[in-house]
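Notes follow once the structure below has been shown.
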Amino acid sequence: MPELPEVETVRRTLAPELEAAVVRRVDMRSRDVVGRPDAETFAAELAGSRFTGAGRRGKYLLLPVAPGPRVLVVHLRMTGRLVLAGPEDPEPPHTHVVFQLEDGRLLRFADVRRFGRLYLYEARELPADVAEAAGAGASGRTAAAGPDGSPGLFTLGPEPLSRRFDARLLGERLRGRKAPIKAVLLDQRVVAGLGNIYVDEALFRAGIHPARPAGDLAPDETRRLVREIRSVIRQAVERRGTTLSDYVDGYGRPGSMGPHLAVYGRSGEPCRRCRGPVEKIRVAGRGTHLCPRCQPARREGHWKVN
DNA sequence: AGATGATCCTGTATGC
DNA sequence: TGCATACAGGATCATC
């Protein structure tokens, strides 16, 4: 499932290709993948427009569009793909939107489950940091959460790799929370871009049980958590993301982080640290992978480490 | 207010 | 063998 590293990889592959790509027309196969405006307006507005690059904020891919500044916002959700293709490349199944470019190339949005969404915004309608991440020029005023469109885009927490995301900030966000730490880390308002895979991996690396109440984490655990979130995200970006079944980059290539995952998808297999079996449980309604020996359910022992 | 559960969607895996 | 059901999950909405 595309999380921050996967979306970042798509961004990196598309950015140089879309620096000056004029859209000839937009083929709309499934109207319901367009979140805003309505599908007809969306297609009409983009025909004749020009992509000028690619940015990212959290799991949102941001394609700046001229004239504008406007931004095509894409959320791939679980199985969405945004892939650039030559005119002769066969069309993959479940293709919902095709941007035909003037030079003959095609930018295709495909999604088996049709959970992914495309949105078109004026840059000035977006929060300033989102417009800036899009590279659409910090055109200014923040509109309140979009009435239609994607509210999540308007309430994103800090980027995990930014300086702003540190132990003090995370500690403040965890204080008093009884929800499982995993649920809090999945909340995009707390930190932007983590999903099920990298939350499980970061908690394993930090030696923290996913079901621990968030407010019970000791300060050194919070520090470890920040460090491990950053390290696993950084490594996954380097490895161009994790491909378990669907994810591919902007050229249709898989990522190579999969074999480096320590717990996700490894239930029953030996823990890489202690050789005990990796378990799969349910936390916050999500399939959750952990090593119960390396990630004790209670705090004991933790302050000795570090 | 904050947390939990249902919902969307379909391919894949499991169960009988 | 074949069919039915469960499951996967990001974000949103309704309901405790």
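Chain letters run A, B, ... following the sequence lines, proteins first and then strands; every chain starts at 1. Note: hydrogens, waters and symmetry copies are ignored here, and every other heavy atom, side chains too, is used. Computed from a predicted structure; not experimentally measured.
- Using a 4.0 Å heavy-atom cutoff across all strands shown, A/Tyr264 reaches sugar-phosphate atoms only and no base atom.
- Listed pair A/Gln188 / C/dA11 meets the phosphate criterion, a side-chain N or O lying under 4.0 Å from OP1 or OP2.
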Hey, mind stepping through A/Tyr60 and A/Tyr119 against ring pair (Phe, Tyr, Trp, His ring centres under 6.0 Å) and telling me if it holds?
CA-CA 10 Å; A/Tyr60 291 89; A/Tyr119 313 88; 7.2 Å; no

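- Nearest to the side-chain atoms of A/Val112 among the listed nucleotides C/dT12, B/dC9, B/dT10 stands B/dT10.
- Residue-level contact check: A/Gly285 touches neither bases nor backbone, having no heavy atom under 4.0 Å from any strand.
- Between A/His75 and the phosphate of C/dA11, there is a side-chain N or O to OP1/OP2 separation shorter than 4.0 Å.
- Under the 3.5 Å distance criterion, with hydrogens and angles disregarded, a donor-acceptor pair is assigned to the side chains of A/Ser49 and A/Arg70.
- Remark: P of B/dT4 and CZ of A/Arg282 are 14 Å apart, rounded to the nearest angstrom.
- Summarising the geometry, the separation between CZ on A/Arg173 and C1' on B/dA1 is reported as 14 Å, rounded to the nearest angstrom.
- In this structure, A/Lys59 places its NZ atom 9 Å from C1' of C/dA11, rounding to the nearest Å.
- Checking side-chain atoms of A/Tyr247 against main-chain N and O of A/Gly241 turns up no donor-acceptor pair under 3.5 Å.
- For C/dG10, its base never sits under 3.5 Å from the side chain of A/Arg113 at any donor and acceptor pair.
- Among the protein residues, A/Arg114 comes within range of the sugar-phosphate backbone only, with heavy atoms under 4.0 Å from sugar or phosphate atoms but none that close to a base.
- Rounded to a whole Å, the CG atom of A/Asn196 is 10 Å from the C1' atom of C/dG10.
- Between A/Lys182 and B/dA3, a side-chain N or O to OP1/OP2 separation shorter than 4.0 Å is absent.
- Spacing between atom CG of A/Leu185 and atom C1' of C/dG9 amounts to 17 Å, rounded to whole angstrom units.
- Here the side chain of A/Asp200 pairs a donor or acceptor atom with the backbone of A/His289 at under 3.5 angstrom.
- Remark: P of C/dG9 and CD1 of A/Ile197 are 8 Å apart, rounded to the nearest angstrom.
- No contact: A/Arg117 has no heavy atom under 4.0 Å from any strand.
- Mapped onto DNA chain B by nearest heavy atom, A/Gly176 and A/Arg286 fall at different nucleotides, with A/Gly176 at the one closer to the 5' end.
- A/Gln100 contributes no side-chain N or O that, together with a main-chain N or O of A/Val23, makes up a donor-acceptor pair within less than 3.5 Å.
- Judged by the 6.0 Å distance and 45° axis criteria, A/Arg273 is positioned over the aromatic ring of A/Phe204.
- Side-chain contact annotation: A/Ser231 with A/Glu228, donor-acceptor N/O pair under 3.5 Å present.
- Formation of a donor-acceptor pair under 3.5 Å by the A/Arg266 side chain with backbone atoms of A/Ala262 is found in this model.
- Listed pair A/His94 / B/dG11 meets the phosphate criterion, a side-chain N or O lying under 4.0 Å from OP1 or OP2.
- Rounded to an integer number of Å, the gap from CG of A/Asp200 to P of C/dG9 is 9 Å.
- Whole-Å rounding puts the A/Arg189 CZ to C/dA11 C1' distance at 11 Å.
- Across the helix from B/dG2-C/dC16 to B/dC16-C/dG2, the helix axis at one end is tilted relative to the axis at the other end by 60° (nearest 10 degrees, each axis from five pairs).
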